[in-house]
Amino acid sequence: MRSPSLSHSRISAVFRYLKAVLIATTLAFAIAAGYLSLIIFEQQKPLSHVSRYDVAWSASQGFNEFIRLFQRVTAYRSNPTPEARDELKLRYEILKGRTQVFGRGFFAEFAAQESFRQQVIARASAAVKQMEPYVANIEEPGSAEAIFDIMQPLEADLVRMSSEAAYFTSVKITEYEQDLLGVHRTFMATALGFILCGLALAGLLAVQNRTLARTQSRLKNANRDLKRAATDLAHMARHDLLTGLPNRRLLREFLEDGVINGKRVVEDTTVLCLDLDDFKHVNDTLGHPVGDALLQEVAARIKAAVADRGIIARLGGDEFIVVIKDMNVDQSSELAQNLIDSISQPYQIDEHDVVIGVSVGIAQTHGNEVDWDALLSSADSALYSAKAAGRGSFRFFEPEMDVRLQRKRLLELALRTADYEEDFALHYQPIVNLRSGKITTMEVLLRWPNTPLGNVPPDEFIPLAEQSGVIVPLGAWLLRKACSTATLLPSTVNIAVNVSAVQFQRSDIVETVTTVLHETGLEPSRLELEVTETLLLEENSDVHRALRKLRALGIRISLDDFGTGYSSLAYLRKFTFDKIKIDRSFLADMETNAAHRAIIDAIISLTDALGVVSVTEGVETADQLKLVGESGCDEAQGYFFSKPVPEMEMLRLFGNRTWTRRVA
């Protein structure tokens, strides 16, 4: 390994050598500059001569102008156009100016060498003066011929003297050109060589100096940046970028090591699985930036509640995990309730008041041997049970929860792979007009008898279909099947189909219904779509617009299960329904519960005032039918008239009028 002091001494030696070369180069450049200055000074005289000979060359151009004027006269005489006239006058003025220099400067010296040249100059000057009046009146007849006559005798002499002037000038210039070329070559070679050498060395020294001076610092910075980058990458790979909490990978590493907060888990371990309630609604209505800010606030509240007692991780979306050691059932319950209370407090985000809830699933293990996958799966099963219980609550894992979770997963898979025609069946139940005793509507009820788990009730598979989105294609199939069957019924009987809120949210329900009616040929007025209050709860303008479009097509809209859940008279004010179906729960105690009877009477009075048809569900006895009739209800539905029957049985009952006689 090289010694640092040895490397430093070598660098110093290189610097000293570069400095010496730079000093020597600078001195040589100074001497060369002085020498070149002397040469330039000595050559000033030849250069001035060359400048003067250039004046002689310029004067010789005067003779060329004489010839050009001669040519213009010839051209004008051949073609007397205005353009030729103007060009002739211009050339005359130029020639006049040129002849004025013939007797001055270096050209006078040239002319004095021979009497022939002096005579030609004198004759040319006289000719220029003699031509002036003719040029001014060139349009008059004979002017061009007069100018031509004046110039023609001078043509040969002018050509001769121009040639002599050009030759004389070229000889003089050639003599000094050689000297100038020599000076130029010397100057260029010396100056360029030393300048380039000096610049190269100076630049090299500057670059080397900066490079060597900063190399050690840069290496240190680079090493520090690399370490920081590696740390950041490791952190990003193991932490959630939004909340800064550990992610699934880091949680897995902690759990596999069996270490929490630096201490090995040796006793009871509790896993709390948290899932936010209504978070999707916040994202959909207020946007993802608000949703992200909300997740950060939730993470902060979870940290405050858990403190340093355990690990908090975000698994993605709105799901969080808390792992805590040495906590019994009571302490776990207390922590879960604290988390629910804290997270459920209102949030102020970007001037929005946001309120959400949280459901918590809890799983615990005992002893040192921990199957983390099973523990997390158990917490997830408990979470599912908490959500099913109404949300905003917590549940501890129980073995039967895992059975329910497995059943749910099997049913979801079966829903996604089901053959609707083979696996599902439609049953029909009549709705009867209490005044006429006639069947007005057949309600379609979906059944799922053919599954790996046997017959599955609607209240179990319908929510799964809505959660998975399968309800959209399944609902479209049901609607098409029901409308096709309705065309086989008497024209006075309508068909009622339940429509899920998911079908409005995830598909173009108006287009679907329009297409089905067109394909089956069913009259729109014979189709009744039953919707629940949950569809109207979110005040979605798209939903209201779709309902109005459907109603404009002539389709009837019924409000199902009125009087339960989130019932509000605001729905009746904002949207006009054709039917309101009173939930069966009121009818069950109507005979003994005066409050229920008062509610039914009030709802029926309200529907009468609004001009809406009232329907009571769940009529099972003659006494119930009598009470409903006395309340003034328009229609009724229930086992008293008929239980839901398959399609073939319904068509048979209509065919032999058995149903009609039974109802009447």
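Values reported hereafter were calculated over all heavy atoms of this structure, with side chains retained and with hydrogens, waters and symmetry mates removed. Throughout, residue positions are numbered sequentially from 1 according to the sequence presented.
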Which atom of [X] lies closest to which atom of [Y], heavy atoms considered:
X	Y	result
Ile509	Ala546	CG2-CB, 4.1 Å
Asn455	Pro449	OD1-CA, 3.3 Å
Ala363	Ser378	CB-CB, 3.7 Å
Ile362	Ala336	CD1-CB, 3.7 Å
Cys633	Glu635	SG-O, 3.0 Å
Ser344	Gly357	OG-CA, 3.9 Å

Can you find a pair of side-chain heavy atoms, one from [X] and one from [Y], that are under 4.5 Å apart?
X	Y	result
Leu479	Leu529	yes
Leu250	Asn247	yes
Cys483	Leu527	yes
Ile495	Thr485	no
Leu272	Phe394	no
Gln624	Leu587	yes
Leu627	Asp623	no
Leu295	Arg314	yes

Quick one: [atom1] on [X] to [atom2] on [Y], what's the gap to the nearest 0.5 Å?
X	Y	atom1	atom2	value
Phe577	Leu559	CZ	CG	4.5 Å
Ser385	Asp380	OG	CG	11.5 Å
Phe320	Leu315	CZ	CG	9.0 Å
Lys626	Ser631	NZ	OG	12.0 Å
Asp275	Lys387	CG	NZ	4.0 Å
Ser614	Ile582	OG	CD1	5.5 Å

Please determine whether the number of non-hydrogen atoms from other residues, nucleotides or ligands lying under 6.0 Å from atom [atom1] of [X] exceeds 12.
X	atom1	answer
Arg301	CZ	yes
Glu511	CD	no
Lys303	NZ	yes

Donor-acceptor pair, side chain of [X] and main chain of [Y], under 3.5 angstrom:
X	Y	answer
Asp292	Leu242	no
Thr417	Leu413	yes
Ser605	Asp601	yes

From CA spacing to verdict: side chain to side chain contact (heavy atoms under 4.5 Å, CB included), Ile302, Leu245: CA-CA 11 Å; Ile302 296 175; Leu245 295 174; 5.9 Å; no

Any residue meeting side chain to side chain contact (heavy atoms under 4.5 Å, CB included) with Leu286, in chain and number order, not counting sequence neighbours: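 Leu286 satisfies side chain to side chain contact (heavy atoms under 4.5 Å, CB included) with Val282, Val290, His352, Val354 once adjacent residues are dropped.
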
The single option from Asn328, Thr269, Thr270 passing side-chain hydrogen bond (donor to acceptor under 3.5 Å, both in side chains) against Gln364: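 Going through the options one by one, the only one that passes is Thr270.
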
Given Glu443, Lys643, Glu617, Gln637, the one that forms side-chain hydrogen bond (donor to acceptor under 3.5 Å, both in side chains) with Gln429: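 Per the side-chain hydrogen bond (donor to acceptor under 3.5 Å, both in side chains) rule, the option paired with Gln429 is Gln637, out of Glu443, Lys643, Glu617, Gln637.
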
Identify each donor-acceptor pair in which a side-chain atom of residues 462-475 lies under 3.5 Å from a protein atom, sequence neighbours left out, and give them as a table.
unit_1	atom_1	unit_2	atom_2	d
Glu466	OE2	Ser500	OG	2.7
Ser468	OG	Leu464	O	2.9
Ser468	OG	Ala465	O	3.3
Ser468	OG	Val470	N	3.4

Residue pair Leu550, Val510: steps toward the side chain to side chain contact (heavy atoms under 4.5 Å, CB included) verdict: CA-CA 6 Å; Leu550 291 170; Val510 178; 4.1 Å; yes

From CA spacing to verdict: side chain to side chain contact (heavy atoms under 4.5 Å, CB included), Leu446, Lys481: CA-CA 11 Å; Leu446 184 63; Lys481 187 82 171 176; over 6 Å; no

Ring pair (Phe, Tyr, Trp, His ring centres under 6.0 Å) against Tyr420, all qualifying residues, sequence neighbours excluded: Phe424, Trp477

Salt-bridge contact [X]-[Y] (side-chain N to carboxylate O under 4.0 Å):
X	Y	result
Lys581	Glu528	no
Asp634	Lys579	no
Asp542	Arg545	yes

If only side-chain N and O atoms count, and only distance matters, is there a donor-acceptor pair under 3.5 Å linking [Y] with [X]?
X	Y	result
Asp277	Ser359	yes
Asp583	Ser585	yes
Asp341	Gln345	no
Asp560	Thr532	no

From CA spacing to verdict: salt bridge (Lys or Arg N to Asp or Glu O under 4.0 Å), Glu412, Lys408: CA-CA 6 Å; Glu412 284 182 349; Lys408 173 178 177 288; 2.8 Å; yes

Full working for side chain to side chain contact (heavy atoms under 4.5 Å, CB included) between Val444 and Tyr428: CA-CA 5 Å; Val444 183; Tyr428 298 81; 3.5 Å; yes

